[in-house]
Every structure is written in C-alpha cells, then in structure tokens.
Protein chains: 2
Amino acid sequence: MTSSPRPLDATQLGAYFALIEASSLLKHAVEQQLREAGDLSYVQFQLLATLGDSDTGSRRMTDLADGVVYSRSGLTYQAQTLESRGLVTRTPSADDERSVTVTITAEGSAVLAAVFPGHVGLLDHLLFAALSRADIEALADVLGRARDHMRQNPPRSAAPRRRKKADPAG
Amino acid sequence: MTSSPRPLDATQLGAYFALIEASSLLKHAVEQQLREAGDLSYVQFQLLATLGDSDTGSRRMTDLADGVVYSRSGLTYQAQTLESRGLVTRTPSADDERSVTVTITAEGSAVLAAVFPGHVGLLDHLLFAALSRADIEALADVLGRARDHMRQNPPRSAAPRRRKKADPAG
DNA sequence: CGCAGTTGCTTCGAATCCGAAGCACCGTCA
DNA sequence: TGACGGTGCTTCGGATTCGAAGCAACTGCG
C-alpha cells in the first residue's frame with residue numbers, strides 16, 4: 001500500500017515547516033490588520049485585490065475561486081457578502097448565460113485603497129524587515145516556481161469535477 | 001493616519017503572492033491526502049505530529065496552540081475531537097492545576113504512522129519535485145528567518161490578552 | 001432539431017473556526 | 001493570611017467553510 005517514499009531530510013522538513021508556519025503567522029497578522037482597517041477578511045481582501053488588479057475590474061466566479069484557492073460554494077457566500085456591502089456587483093455574463101461576472105465598485109476600490117497602506121506597512125515590518133534583497137528575490141523565484149508546479153498538478157482541488165463514472169486509473 | 005509606507009516593488013509583491021499561493025495550494029492538497037488516508041484535518045495532523053515529535057508525547061494546550069498558530073478555543077474543540085477518537089488523552093497537569101496536558105496515544109501514533117508515507121510522498125511530488133537542492137536550502141533558510149522574526153513580533157495573535165480597561169487611543 | 005455529457009453557479013446541511021466572556025487556579029504584595 | 005491582577009482552559013454564539021446535490025445553460029454529435 002505505502003509506496004515507501006524516501007523520508008524527508010532535515011532541510012526538506014525545515015523548508016516545509018517554515019513555509020507553513022511563516023504563511024500561517026503572516027496570514028494571521030494580516031487578517032487582524034484588515035479587520036481593523038476595513039472590516040475585511042483575508043479572502044475578501046484577496047478578491048477585491050484580484051478584481052482591482054484586472055483591467056476591467058471584473059472576473060468570472062470560477063476564475064476568482066481558482067485564483068484565491070477557494071471552494072465554489074465558499075466564493076458564492078463571499079460574493080453575496082461583498083455585494084450586500086456594495087463592494088462588488090454580480091451580473092450575468094453576456095457570453096455565457098450560466099456565468100456570473102463579478103465587478104468591483106467604486107466603494108470597493110475605496111475600501112481597497114483604505115486598507116492598502118496598512119497592509120503594505122505590515123508586510124514591510126513583519127515579513128520583509130527580516131530579509132535582505134537577495135532573500136526576497138530568492139523567495140519570489142523559488143516559491144514562484146513551486147506555485148506554478150502545483151498549479152499544473154492540481155491534486156484534486158481545481159480538478160474539473162468529480163466524475164460520475166469510475167476512475168479509469170483505478 | 002496612513003503612514004504612507006514605500007509601495008512594494010514587483011519582486012516583493014511576487015514573493016508575497018507566491019508565498020500565499022504556494023502555501024494555500026499545498027495546504028489544500030495535503031488536506032485531501034490526510035482526509036483520505038486517515039480522516040484527519042490539517043490541524044489535527046499538525047497536532048499529532050507535534051505531540052509525536054515530543055520526547056514525552058505530551059504538550060500543554062497553550063504550547064500546542066502557539067505551535068500550530070491556532071486560537072485557544074479552536075484548540076479546545078480539536079482536542080475534544082481527537083480525544084473522542086482515542087488519538088490523544090487530556091489530563092490535568094501535575095505542576096499547574098489549571099493547565100491541561102495533551103498526550104498522544106498508541107492509536108494516535110498508529111494513525112500518524114499510517115498517513116505519514118502518503119504525506120511525504122505528496123510533498124515530494126508536489127513541492128520538492130520542482131525545486132533543486134539549493135532551492136530547498138534557500139527556502140528553509142529564508143523562511144526560517146522570516147518565521148523567527150514573526151514569532152518575535154507577535155502582531156496580536158499571541159499577545160497576552162485584550163485588556164479590560166478602555167483603549168487609551170479611543 | 002434532440003439527446004447526452006459537461007460546465008457554472010447556488011442551495012443545503014453539517015462541521016469548523018474565532019473572539020468574548022466566564023471560571024478556576026496561580027503568584028505577588030502587604 | 002487575604003486581596004488582586006495574571007494565566008490556562010472551556011463555553012457560548014455567530015460567522016465561515018466545504019462537499020454533495022440540484023438547476024440551468026452550453027457543446028458536440030447524429
């Protein structure tokens with residue numbers, strides 16, 4: 001049953017733990033800053049930032065979910081919340097009648113702008129303060145490649161959909 | 001109000017996004033593997049692993065919570081769940097009557113051993129496959145320092161406790 | 001066209017998570 | 001000893017999360 005993979009060496013274990021711990025600590029800290037600055041959860045901020053980053057300020061639900069690594073149903077919930085607060089709008093897509101286009105509003109942009117300086121400040125003090133220029137470049141490079149690799153090998157998160165018929169690989 | 005911090009440059013932004021995305025993708029994938037292999041959530045696995053790593057197989061609740069970056073109340077919930085499944089025991093501490101000592105059981109160790117090979121295999125294929133030896137060493141080094149820095153500057157997570165007296169800033 | 005399989009999103013139910021408040025014990029100071 | 005603030009954990013209430021199931025629209029094939 002177990003394919004008995006090579007056990008991880010100390011460096012690999014260190015990298016893994018450091019990745020999980022660092023991201024958890026950072027997320028935690030950022031979440032508090034966002035909550036105080038603009039009453040946003042981390043996901044909500046990610047969604048607004050993703051939309052703000054887009055040329056049109058719009059994205060499809062599915063693309064948003066994939067972008068922030070979130071479940072579809074979770075995104076529906078958050079989109080409803082953001083819409084009720086007037087930070088985004090949801091409109092049926094012209095192309096595809098099934099699809100819903102989420103667009104950031106002026107107020108959404110305002111909230112984003114309001115929390116952003118504090119967000120950047122926190123990152124500066126908490127994450128980048130301990131790192132050199134070369135460290136940051138290495139981080140961007142290595143983690144960027146890791147991310148790309150994982151995006152290409154979706155273990156099952158972003159997999160299209162659980163098929164009904166038996167898995168041919170089984 | 002806003003202290004107008006230097007905006008982040010492209011490399012910093014890339015490092016930040018890559019960190020969040022990579023950790024999210026990895027967590028997501030690991031969570032599925034753990035669910036299938038031993039019906040464990042990620043936190044539960046982290047807790048068992050932390051206990052298993054200890055010489056005595058025991059830790060205080062607070063130390064566990066800090067270790068895995070979790071709320072106290074959340075840890076209480078998980079400890080109850082793990083206890084009801086017979087994977088850990090909870091006993092009042094001899095030293096301090098308030099304190100609760102959590103100890104991993106033989107069955108807990110067995111579950112841990114059962115999921116571990118798959119866990120390692122997943123890390124190998126998903127995270128380390130895309131990285132060179134030097135990459136992994138850099139990751140462990142840089143993220144390790146970042147983690148240590150963040151642990152020393154608890155933004156408010158591990159802060160002792162919200163005071164009762166009115167906030168002087170108000 | 002009409003059917004079958006697929007995709008995009010929402011609803012539903014249950015599990016999980018957190019902060020605030022509460023309770024009990026600990027340590028210090030007089 | 002007795003008061004008092006600090007610490008460790010749990011309970012409580014509400015918000016958030018996910019997977020499974022459901023519904024509607026799209027696509028390919030004859």
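Side chains are part of it too, since the values below use all heavy atoms of this structure and drop only hydrogens, waters and symmetry mates. Each chain gets a letter, A, B and so on, in the order the sequences are listed, and its residues count up from 1.
Atom CG of Asp63(A) is separated from atom P of dT7(C) by 14 Å (rounded to the nearest Å). One atom, CD of Glu83(A), and another, P of dC9(C), lie 14 Å apart when rounded to the nearest Å. Rounded to a whole Å, the CG atom of Leu64(B) is 13 Å from the C1' atom of dG8(D). Put simply, CZ on Arg90(A) is 17 Å from P on dG8(C), counting in whole angstrom units. To the nearest angstrom, P of dC25(C) lies 17 Å from CZ of Arg60(B). Distance Glu31(B) CD to dG19(D) P: 9 Å, rounded to the nearest Å. dA15(D) atom C1' lies 14 Å from atom CG of Leu82(A), rounded to whole Å.
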What protein N or O atoms touch nucleotides 16-18 of chain D N or O atoms at under 3.5 angstrom, if any, and at what distances?
{"unit_1": "dT16(D)", "atom_1": "OP2", "unit_2": "Tyr77(A)", "atom_2": "OH", "d": "2.4"}
{"unit_1": "dT17(D)", "atom_1": "OP1", "unit_2": "Tyr70(A)", "atom_2": "OH", "d": "2.2"}
{"unit_1": "dT17(D)", "atom_1": "OP2", "unit_2": "Tyr70(A)", "atom_2": "OH", "d": "2.7"}
{"unit_1": "dT17(D)", "atom_1": "OP2", "unit_2": "Gln78(A)", "atom_2": "NE2", "d": "2.3"}
{"unit_1": "dT17(D)", "atom_1": "O5'", "unit_2": "Tyr70(A)", "atom_2": "OH", "d": "2.7"}
{"unit_1": "dC18(D)", "atom_1": "OP2", "unit_2": "Ser71(A)", "atom_2": "OG", "d": "2.6"}
{"unit_1": "dC18(D)", "atom_1": "O5'", "unit_2": "Ser71(A)", "atom_2": "OG", "d": "3.4"}

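Ser54(B) places no side-chain N or O within 3.5 Å of a backbone atom of Thr50(B) that could act as its donor or acceptor partner. Looking at Glu36(B), its side chain never comes within 3.5 Å of a backbone N or O of Gln33(B) through a donor-acceptor pair. The main-chain N or O of Tyr42(A) is found under 3.5 Å from a side-chain atom of Glu31(A) such that the two form a donor-acceptor pair.
When the side-chain contact (heavy atoms from CB on, under 4.5 Å) test is applied to Ser84(B), no partner is found at least two apart in sequence or on another chain. Legend: residues meeting side-chain contact (heavy atoms from CB on, under 4.5 Å) with Asp53(A), ordered by chain and number and at least two apart, are absent. Arg98(B) meets the side-chain contact (heavy atoms from CB on, under 4.5 Å) test with Asp96(B); sequence neighbours excluded. Not a single side-chain contact (heavy atoms from CB on, under 4.5 Å) links Ala138(B) to another residue, sequence neighbours left out. Residues satisfying the salt bridge (Lys or Arg N to Asp or Glu O under 4.0 Å) test with Arg60(A), not counting sequence neighbours, are Asp63(A).
Classification of Asp66(A) and Arg151(A) as a salt-bridged pair fails, no side-chain N sitting under 4.0 Å from a carboxylate O.
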Let me check something: any side-chain donor-acceptor pairs from residues 106-122 of chain A under 3.5 Å, sequence neighbours excluded? List them with distances.
{"unit_1": "Ser109(A)", "atom_1": "OG", "unit_2": "Thr105(A)", "atom_2": "O", "d": "3.3"}
{"unit_1": "His119(A)", "atom_1": "NE2", "unit_2": "Tyr16(B)", "atom_2": "OH", "d": "3.0"}

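Under the salt bridge (Lys or Arg N to Asp or Glu O under 4.0 Å) criterion, the residue pairs touching residues 9-19 of chain B are Arg133(A)-Asp9(B), with sequence neighbours excluded. Applying the ring pair (Phe, Tyr, Trp, His ring centres under 6.0 Å) rule to pairs touching residues 68-109 of chain A yields nothing, sequence neighbours excluded.
The phosphate of dT11(D) has OP1 or OP2 within less than 4.0 Å of a side-chain N or O from Gln80(B).
For the pair Arg90(A) and Ala79(A), the tightest heavy-atom approach, listed with the atom from each and the gap, is CD-CB, 3.8 Å.
With Leu47(A) as reference, Leu82(A) is the one residue of Val102(A), Thr81(A), Leu82(A), Leu40(A) to meet the side chain to side chain contact (heavy atoms under 4.5 Å, CB included) rule.
Within residues 48-59 of chain A, no residue places a heavy atom under 4.0 Å from DNA chain C. Across residues 92-105 of chain B, Asp96(B), Glu97(B), Arg98(B) each have a non-hydrogen atom less than 4.0 Å from an atom of DNA chain C (numbered order).
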Under the 3.5 Å Watson-Crick or G-U criterion, the dot-bracket string of DNA chain D, with | for inter-strand pairs
||||||||||||||||||||||||||||||
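Using a 4.0 Å heavy-atom cutoff across all strands shown, Thr62(A) reaches sugar-phosphate atoms only and no base atom.
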